[in-house]
Amino acid sequence: MALFRRRRSADSSDSTASTAAVTAFWDAWPTVRSPLAESVESDAPAPAEVAERVSALVKAIHPDLDWEVGPAPQPQGGLEDLDLSADVDPAKLLEQLAALDDPSKLTDAPSYALTLRPGVSEEARVQSERWSRSAPEDSEWRFLPVRPADHDQLGNTVRWDDHELDLSHVSVSMRVNQGTSRIEVGVYHPDNMFLSGETRQAVAEHVTLLALGEDQFVRWVGKVTSLDERPMDPLPPTSMPAVAKQMGDLLGGTDGWVTLHGRLPLQGPIEVLVRHPVTRRDFPALSLFVQVLVPYADADADRLPQETSLVSLADLEARLSGLLGDNGALFMQQTVAGQRMYVYYLDPDSGVLPEFENLLMEWPEGKVQLRTQMDPRWQQFDQARRPYVRKLGH
């Protein structure tokens, strides 16, 4: 295998500063842990001194981050909430399936959650993910990098400005704005007529956030409106994730992948598989670019893989995916003239790169070449897919 020298990113100084801030947070965690737990138990704000200290520690990680504490949300309870994508960690999927079959498996779940809130800032989202992944083991706490969807809360009663609102009475409308590629959400509650405009809007956004979670809210929602009347075709808020998935399929390909075919001068037919659409928020921990060039021996007249090599390549890809789990993902592959090029991104803090390299060294059909580079803004991926942007619909 040819291993090329890894280049450092120009963002390395910023990364060092944020790493130091994350370390400082976890060093201080034992001193704020108990007061925060007590505030959740008593359903009261944390003591001012504790809250100020946590805020300072969080803002040091990234100035756009906010935080909140509360009861730990339980894993969603329906099959529609399972992550069945090709990149899902098999161990995590098995845990989710086991919990669906036997809810008692969740009895030892953490009681409290400390959640960072990056909002619309993608850089803050990257840092919140690093914070979460570096969290210490704690059986009583969950450390969430972003507020998740919580469909259980959509059946509960909330108090807002002295009004008690049963969220099970909420219905929504959804419209896809083709011009912006965003979803416009309308939220109706029978008690809207008794609420101020500001409160109604806050409730509408709260419902949408519970339905989608913060990441999907930021990615897909263009506008949230409070409705005066019940929609003509009302939907439950729990249907929002399905609409968001349909939106992704509409903009891209099946399960987030687009396959393209063409022909290059002097090289012949080319096959390209591209993850699309994809945003930095989809894989916030992955900033180590890895390009892999894999030759194959069994090719047809067009120098595309056939039979033996097709099976071997598929086996290699499956083994790499299993090794990486949520520490890396394939973004693109390009097959032409006897060689398949892969673009991966890995979590540089996971330590998975040496194992990744070792697995590639076992390839029997030729010399594998590998190049790595820190690339937190995914510039290498943007450059690799640039020739195909028009066909991808951008």
Side-chain angles (χ1 to χ4, degrees), residues 1-22 61-62 64-65 85-87 118 120-134 145-146 215 218-219 252 256-258 260 272-294 317 320-321 323-335 339-360 368-389 392 394:
M1 172 186 291
L3 296 181
F4 293 15
R5 178 177 299 174
R6 185 183 311 169
R7 291 188 287 173
R8 303 297 297 175
S9 165
D11 301 277
S12 59
S13 60
D14 292 340
S15 177
T16 300
S18 64
T19 298
V22 169
I61 297 172
H62 194 280
D64 291 337
L65 285 171
S85 66
D87 301 297
V120 299
S121 170
E122 290 201 349
E123 182 56 34
R125 180 65 182 90
V126 170
Q127 298 306 329
S128 73
E129 187 73 17
R130 297 182 66 199
W131 167 87
S132 177
R133 288 183 176 227
S134 63
V146 68
D215 276 341
V218 171
R219 181 174 182 184
W257 290 95
V258 176
L260 303 172
V272 181
L273 184 67
V274 184
R275 189 183 289 275
H276 179 79
V278 62
T279 71
R280 192 69 181 84
R281 187 170 286 264
D282 294 324
F283 298 99
L286 309 188
S287 55
L288 176 60
F289 164 79
V290 182
Q291 182 188 60
V292 184
L293 305 179
V294 179
E317 292 156 12
L320 289 172
S321 178
L323 168 68
L324 292 175
D326 62 359
N327 291 321
L330 175 67
F331 279 57
M332 179 177 175
Q333 72 179 42
Q334 174 181 291
T335 308
Q339 178 176 262
R340 178 165 288 179
M341 182 272 288
Y342 298 95
V343 171
Y344 283 91
Y345 277 85
L346 277 55
D347 176 0
D349 299 324
S350 68
V352 75
L353 180 60
E355 294 178 77
F356 186 84
E357 294 174 339
N358 288 339
L359 199 159
L360 287 168
V368 173
Q369 299 179 62
L370 182 145
R371 179 171 67 92
T372 66
Q373 177 181 335
M374 287 301 299
D375 183 24
R377 292 191 171 90
W378 293 0
Q379 293 172 325
Q380 293 296 314
F381 174 53
D382 287 342
Q383 181 177 339
R385 67 177 173 175
R386 188 170 299 149
Y388 315 108
V389 165
L392 292 174
H394 277 203

When rounded to the nearest 0.5 Å, the distance separating CZ of Phe356 from CG of Asn327 is 12.0 Å

In short, Ala384 meets Pro387 closest at the heavy-atom pair O-CD, 3.4 Å

Query raised in the report: Any side-chain heavy-atom pair from Gln333 and Val294 closer than 4.5 angstrom?
Result: no

task = Taking Ser287 for its side chain and Pro376 for its backbone only, find out whether a donor-acceptor pair lies under 3.5 Å.
result = no

Do Val278 and Arg385 have side chains that get closer than 4.5 Å, going by heavy atoms? yes

Quiz item: Without hydrogens or angle criteria, can the side chains of Glu123 and Gln127 be said to hold a donor-acceptor pair below 3.5 Å?
Solution: yes

Those residues at least two apart in sequence (or on a different chain) that pass side chain to side chain donor-acceptor pair (under 3.5 Å) with Arg281 are Asp215

### Query
When you check the gap from the basic side-chain N to the acidic O, do Arg219 and Asp282 get nearer than 4.0 Å?
yes

Correct closest heavy-atom pair for Val368 and Leu360 would be CG2-O, 3.9 Å

For Ser121, the side chain to side chain donor-acceptor pair (under 3.5 Å) test, sequence neighbours excluded, returns Asp64

Apply the test side chain to side chain contact (heavy atoms under 4.5 Å, CB included) to residues Leu65 and Trp131: give CA-CA distance (whole Å), side-chain angles for both, the deciding distance (0.1 Å), then the verdict.
CA-CA 11 Å; Leu65 285 171; Trp131 167 87; over 6 Å; no

Closest heavy-atom pair, Val22 versus Ser134, reported as atoms and distance to 0.1 Å, is CG1-OG, 3.2 Å

Closest non-hydrogen contact found for Pro348 with Ala285 is CD-O, 3.7 Å

Item to check | Residue pair Tyr345 / Gln380, side-chain heavy-atom distance below 4.5 Å | outcome: yes

For Val126 and Pro284, the nearest pair of non-hydrogen atoms, with its separation, is CG1-O, 3.4 Å

When rounded to the nearest 0.5 Å, the distance separating CG of Leu346 from CG of Leu323 is 8.5 Å

Interatomic distance, CG@Leu273 vs CE@Met332, rounded to 0.5 Å, equals 9.0 Å

When rounded to the nearest 0.5 Å, the distance separating CH2 of Trp378 from CG of Leu286 is 6.5 Å

| query | Yes or no on salt bridge (charged side-chain N to carboxylate O under 4.0 Å, His left out) for Asp349 and Arg130, after CA distance, side-chain angles and deciding distance? | reply | CA-CA 8 Å; Asp349 299 324; Arg130 297 182 66 199; 3.5 Å; yes

Do Trp257 and Leu330 have side-chain heavy atoms sitting under 4.5 Å apart? yes

Checklist entry - So do Thr279 and Glu122 actually touch side chain to side chain, heavy atoms under 4.5 Å? => result yes

ask   = Looking at side-chain heavy atoms only, is the closest gap between Val343 and Gln383 below 4.5 Å?
value = no

Flag, side chain of Ser132 to backbone of Glu129, donor-acceptor distance under 3.5 Å:
no

Between Leu293 and Met341, the two heavy atoms sitting closest are CD2-CG, 3.3 Å

| query | Quick one: are Leu324 and Asp347 in side-chain contact, heavy atoms under 4.5 Å? | reply | no

Taking atom types as modelled, is there a side-chain donor on Tyr342 or Glu317 under 3.5 Å from an acceptor on the other? yes

Here the gap from Arg386 atom CZ to Phe381 atom CZ, rounded to the nearest 0.5 Å, amounts to 12.0 Å

Aromatic plane relationship, Phe283 with Phe331 - under 30° parallel, 30 to 60° tilted, over 60° perpendicular: tilted

